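Structure first, commentary second.
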Amino acid sequence: MLLVSTSLADEDFVDNTIQGLLQEKITDSRVIVEQQYNSKSKLAQIKSKKEEIKSIVLEKFDPKFSSYLVQVHYNDGKIDSISGKYISYIMAPIAGKYIKFGEVIQASDITSKKMRLDNFKKGFATEDSEVIGMQAKKYIAVGRMFKLSDISSPPVLKNNDPVNIIYSSGAINLKTVGIALGAGAVGDMIKVKNTSSGAVLLGQ
């Protein structure tokens with residue numbers, strides 16, 4: 001049971017306090033909750049007595065059914081209850097401009113959109129950090145969410161770029177120079193050619 005004292009300085013303190021109580025139950029900091037009430041007349045009755053409210057207590061919280069029950073305690077010892085449902089949202093990054101194939105996405109290229117969590121499909125970016133600095137593998141229209149399979153790390157090597165070839169095994173460490181035989185991002189396996197021996201190797 002969680003208790004929050006109310007502040008009469010806030011005209012919407014009933015709504016704000018209930019939302020705050022629900023938000024504290026959400027473990028994912030990306031998720032935003034908004035509550036709905038089962039009885040608008042009950043809510044109006046509680047708000048009409050806001051000067052008499054001592055505290056608001058979250059009595060029940062059921063994430064399986066997205067439901068809650070709140071008790072409102074008054075200075076005279078009386079108690080009111082109000083229940084409802086809550087909706088979970090997430091602020092997902094979306095394209096703020098038309099992004100071309102091969103373009104590296106900048107912070108200024110994206111904005112965000114409030115999406116219902118229960119409608120959110122897997123495989124899409126939920127954080128700006130998943131998108132910024134990535135390269136578009138296809139054209140992405142304005143307002144579209146970023147599908148993770150449509151973006152990738154930009155290549156740090158291009159075909160014929162000079163590379164250092166390092167071979168390490170136990171106490172043996174060999175270093176020579178070569179050229180890349182393809183483009184690759186950090187972590188990719190690519191073919192390289194040893195410029196001294198002409199041998200083609202596979203390296204990361």
Side-chain angles (χ1 to χ4, degrees), residues 2 4 6-7 9-38 40 43-44 47 56 58 61-70 82-159 161 180 182-190 204:
L2 187 63
V4 172
T6 60
S7 170
D10 185 354
E11 285 294 320
D12 298 317
F13 79 86
V14 173
D15 292 317
N16 292 340
T17 300
I18 292 173
Q19 184 179 26
L21 289 166
L22 296 173
Q23 193 71 54
E24 286 188 23
K25 287 290 187 178
I26 305 299
T27 55
D28 191 335
S29 60
R30 298 171 300 172
V31 176
I32 304 164
V33 297
E34 290 183 4
Q35 71 271 26
Q36 297 176 337
Y37 302 98
N38 288 338
K40 290 185 178 180
L43 177 66
K47 287 185 174 182
I56 298 176
L58 181 61
F61 179 81
D62 190 341
K64 182 178 180 180
F65 297 103
S66 299
S67 62
Y68 66 91
L69 172 68
V70 163
I82 187 166
S83 60
K85 297 271 190 178
Y86 66 89
I87 304 171
S88 298
Y89 295 91
I90 192 166
M91 297 300 293
I94 61 171
K97 52 163 273 191
Y98 183 75
I99 296 174
K100 300 176 182 178
F101 168 79
E103 186 175 351
V104 176
I105 302 165
Q106 308 296 325
S108 58
D109 298 333
I110 65 175
T111 182
S112 58
K113 183 178 180 181
K114 189 171 161 183
M115 307 281 294
R116 280 187 64 141
L117 196 59
D118 54 5
N119 292 335
F120 195 85
K121 296 178 181 178
K122 292 182 179 180
F124 287 85
T126 60
E127 299 274 4
D128 291 358
S129 59
E130 295 178 282
V131 177
I132 296 171
M134 302 295 278
Q135 187 176 44
K137 294 165 65 177
K138 60 180 291 186
Y139 295 101
I140 303 173
V142 178
R144 294 294 298 272
M145 295 174 61
F146 292 96
K147 195 173 183 179
L148 295 175
S149 60
D150 291 341
I151 56 177
S152 63
S153 297
V156 294
L157 280 178
K158 300 187 295 294
N159 190 40
D161 274 355
V186 174
D188 286 349
M189 299 294 293
I190 65 166
Q204 187 177 43

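Every value quoted in this text rests on a predicted model; they were computed, and no experiment measured them. These numbers come from the heavy atoms of this one structure, side chains and all, not from hydrogens, waters or symmetry mates. Sequence positions, counted from 1, serve as the residue numbers for this chain.
Across all their heavy atoms, Ile110 and Pro93 have their closest contact at CD1-CB, 4.5 Å. The two residues Val104 and Pro154 make their nearest non-hydrogen contact at CG2-CB, 4.1 Å. For Ile99 against Ala136, the heavy-atom pair with the smallest separation is CG2-CB, 3.8 Å. Nearest heavy-atom pair, Ala141 versus Ala95, reported as atom, atom and distance to 0.1 Å: O-CB, 3.4 Å. For the residue pair Ala125 and Ala92, the shortest heavy atom distance occurs at O-CB, 4.2 Å. The minimum heavy-atom distance linking Val31 with Ser88 is given by the pair CG1-CB, 3.7 Å.
Among residue pairs with one or both ends in residues 123-138, those qualifying as side chain to side chain donor-acceptor pair (under 3.5 Å) are Arg30-Thr126, Thr126-Glu130; sequence neighbours excluded.
For the pair Tyr68/Leu21, no side-chain contact is recorded, criterion being any heavy-atom separation below 4.5 Å from C-beta on. Considering only heavy atoms from C-beta on, Asp109 stays 4.5 Å or farther from Val131 through its side chain. Contact of the Met115 side chain with the Asn119 side chain is not registered, since no non-hydrogen atoms from C-beta on lie closer than 4.5 Å.
To the nearest 0.5 Å, the span separating CG on Asp12 from CD on Gln19 amounts to 10.5 Å. Annotation: the span from Leu58 atom CG to Ile18 atom CD1 amounts to 9.0 Å, rounded to 0.5 Å. We find the CE-CD1 distance between Met91 and Ile32 to be 5.5 Å, quoted to the nearest 0.5 Å. Rounded to the nearest 0.5 Å, atoms NZ (Lys97) and CD1 (Ile140) are 10.5 Å apart. Rounding to the nearest 0.5 Å gives a distance of 3.5 Å between CG of Asp15 and NZ of Lys47. Atom NZ of Lys147 and atom NZ of Lys122 lie 14.5 Å apart (nearest 0.5 Å).
The one candidate from Phe61, Tyr37, Phe65 that meets the ring-ring contact (aromatic ring centres under 6.0 Å, His included) condition with Tyr86 is Phe61.
Shown here is Phe101, whose CZ atom has no more than 12 heavy atoms of other residues, nucleotides or ligands within 6.0 Å. Heavy atoms from other residues, nucleotides or ligands lying under 6.0 Å from NZ of Lys85 number more than 12.
When the side-chain contact (heavy atoms from CB on, under 4.5 Å) test is applied to Lys100, the partners found at least two apart in sequence or on another chain are Tyr98, Glu103, Tyr139.
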